2 protein chains.
Amino acid sequence: MSRRAFQDYDKPSVATDLVLMSVRTGRLAVLLQKRAHEPEAGKWALPGGFVDVGESLDAAAERVLAEKARMAGAWVEQLYTFGDLQRDPRGRVITVAYFALLPEEKFGPALTSAPDLALAEVQVDWAGETGGSARALDEEGLELPLAFDHADILGLAVKRLRGKLDYSDIAFALLPELFTLRELQQVHEAILGLSLNKPAFRRRLIDGGRLEATGRREAGTGFRPAELYRRKAP
Amino acid sequence: MSRRAFQDYDKPSVATDLVLMSVRTGRLAVLLQKRAHEPEAGKWALPGGFVDVGESLDAAAERVLAEKARMAGAWVEQLYTFGDLQRDPRGRVITVAYFALLPEEKFGPALTSAPDLALAEVQVDWAGETGGSARALDEEGLELPLAFDHADILGLAVKRLRGKLDYSDIAFALLPELFTLRELQQVHEAILGLSLNKPAFRRRLIDGGRLEATGRREAGTGFRPAELYRRKAP
DNA sequence: GCAATAGTGTCTTTCAGACACTATATC
DNA sequence: GATATAGTGTCTGAAAGACACTATTGC
């Protein structure tokens, strides 16, 4: 066996896949890309790419965010590394999954400029932090078939989001700089998949000290406008 | 540039490192291996090895547990993937870190048969789930220098342990099949790095419904023996 | 009986859930 | 003034912390 064949055989390929999520009309959503080529042509996949030997994992995830998802400025965090032998029919590909969060307004340019991208609704059939796979739905509620093991990756991203919501600042990454407490509560409810008690939510968040009232109010509501808050600098 | 050189240059190497932890005399401990060769010769490292192209990541971690740590039957869970460019002076090595848990009694054979293995005390200088690196100490309290970025990996393992303690069954993985509530509380205190209120701890754990009283009692205490519990099957 | 820990009773505080109420903007 | 939501006051119940107390074993 030549050294080249040994080397080829010896190392798995390393990729990164990006679970870029948002909240749209009170529901969790994820950016998907329709696959044009085999394998899994026609199915929907998370934006991803191979990790270059000269770039760190975090840099590869940022590159996928910019080049494949066509966006920037997201909260990005490593999720999990998927390394089963059969997860990619092309060969041994280990993927380091990242999740990223952006407010819905930021998706407009990417969606109009790239017709193979879609922001799909995310649904899970488990409660709390049980865990499991997730489904992606289009605007009419029809299920979009997911490529490879991306239903598992998406499900794990939802589980992680739910787990981190209480003690981290991820909810703010899904909102513009100024937001109302109603919008913040809707983000929490979309992530958790349940409805929350309004007074308790307000007490907990305001007492938590991570919010800053601006004195300004939202506009164009048709009813009493709510005060705008911003995230207090950590 | 030949195709071989391109292939060699193109793929990072993939390894796995194992944070095999336990609780000894009320303190967190981790299994370390003294490095015999450069780089980092003489420093202490987590047991690890390269991932074969024909084995899954989980299988590679189990293999390291058996071959390098010389143990079996541990709770094993993926921790995080470290992929900075400079983390290994030999070249581009991505490592998928796992943490594993075993009761202290299980470490005896490995420690006596392999003189390069040591069960070192773990200390962190941060509270709660702040996060940060960790230190390893020998029996006399002297710091053991850690190789590569293993102080960061160890610190992340402690953070993850603290985060999962409340809602998972990891504490039971650090105890024999039968244990007293005092021993269970000592495990919790060792992981969290603080002391807990006894009545509140007992109430919470017993009401939690994951424990089963056996009616049997510990032996050889010299004082009133406590009842032995076991983990209730999930 | 003494020592040492097991195990419990109870008071207080904290906080979430529930519900109803008042306040204030647009129309 | 009608309407819709913002925002608050207050009651209740669950659970943690604190503390003291009783119980039980070996010696």
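Computed from heavy atoms alone, side chains included, the values below leave out hydrogens, waters and symmetry copies. Values in this document were obtained by computation on a predicted structure and should not be read as measured data.
Put simply, the side chain of A:Arg224 and the base of C:dA23 share a donor and an acceptor less than 3.5 Å apart. Under 3.5 Å, the side chain of B:Arg203 and the base of C:dT10 form at least one donor-acceptor pair of N or O atoms. Looking at B:Asn197, its side chain has no donor and acceptor atom pair within 3.5 Å of the base of D:dA16.
Listed candidates were C:dT8, D:dT8, C:dA4. Nearest to the side chain of B:Pro199 is C:dT8. Closest contact between the side chain of A:Arg202 and the listed nucleotides D:dT5, D:dT8, C:dA6 involves D:dT8. Listed candidates were D:dG17, C:dT8, D:dT5. Nearest to the side chain of B:Ala200 is D:dG17. In this structure, the nucleotide among C:dA16, D:dG7, C:dA25 sitting nearest to the side chain of A:Glu227 is D:dG7.
A close approach under 4.0 Å does not occur between any side-chain nitrogen or oxygen of B:Arg204 and OP1 or OP2 of D:dA15. A sub-4.0 Å separation between OP1 or OP2 of D:dA23 and a side-chain N or O of B:Arg217 is absent.
Contact check for A:Leu28 versus A:Glu121: no side-chain heavy atoms found under the 4.5 Å cut-off. A 4.5 Å side-chain heavy-atom check between B:Trp75 and B:Phe172 finds every atom pair outside the cut-off.
More than 12 heavy-atom neighbours from other residues, nucleotides or ligands sit within 6.0 angstrom of CZ on A:Arg217.
When rounded to the nearest whole Å, the span between CD of A:Gln185 and P of C:dA16 equals 13 Å. Here the P atom of nucleotide C:dC15 and the NZ atom of A:Lys198 are 22 Å apart, to the nearest Å. Atom-to-atom, CZ of B:Phe201 to C1' of D:dA18 comes out at 17 Å; the value is rounded to the nearest Å. For B:Glu218 and D:dG26, the CD to P distance is 11 Å, given to the nearest whole Å. Across the protein-nucleic acid pair, B:Arg182 atom CZ and D:dT24 atom P stand 18 Å apart, rounded to whole Å. Regarding A:Glu183, its CD atom lies at a distance of 13 Å from the C1' atom of D:dA6, rounded to whole Å. Rounded to a whole Å, the CZ atom of B:Arg216 is 21 Å from the P atom of D:dT24. Put simply, CG on A:Asp207 is 14 Å from P on C:dG17, counting in whole angstrom units.
Side-chain atoms of A:Asp152 and A:Ser133 include no donor-acceptor pair closer than 3.5 Å.
Salt bridge absent: A:Glu129 and A:Arg162 never bring a charged side-chain N and a carboxylate O closer than 4.0 Å.
Position along DNA chain D of the nearest nucleotide to A:Leu181 versus A:Gly222 favours A:Gly222 as the more 5'-ward residue.
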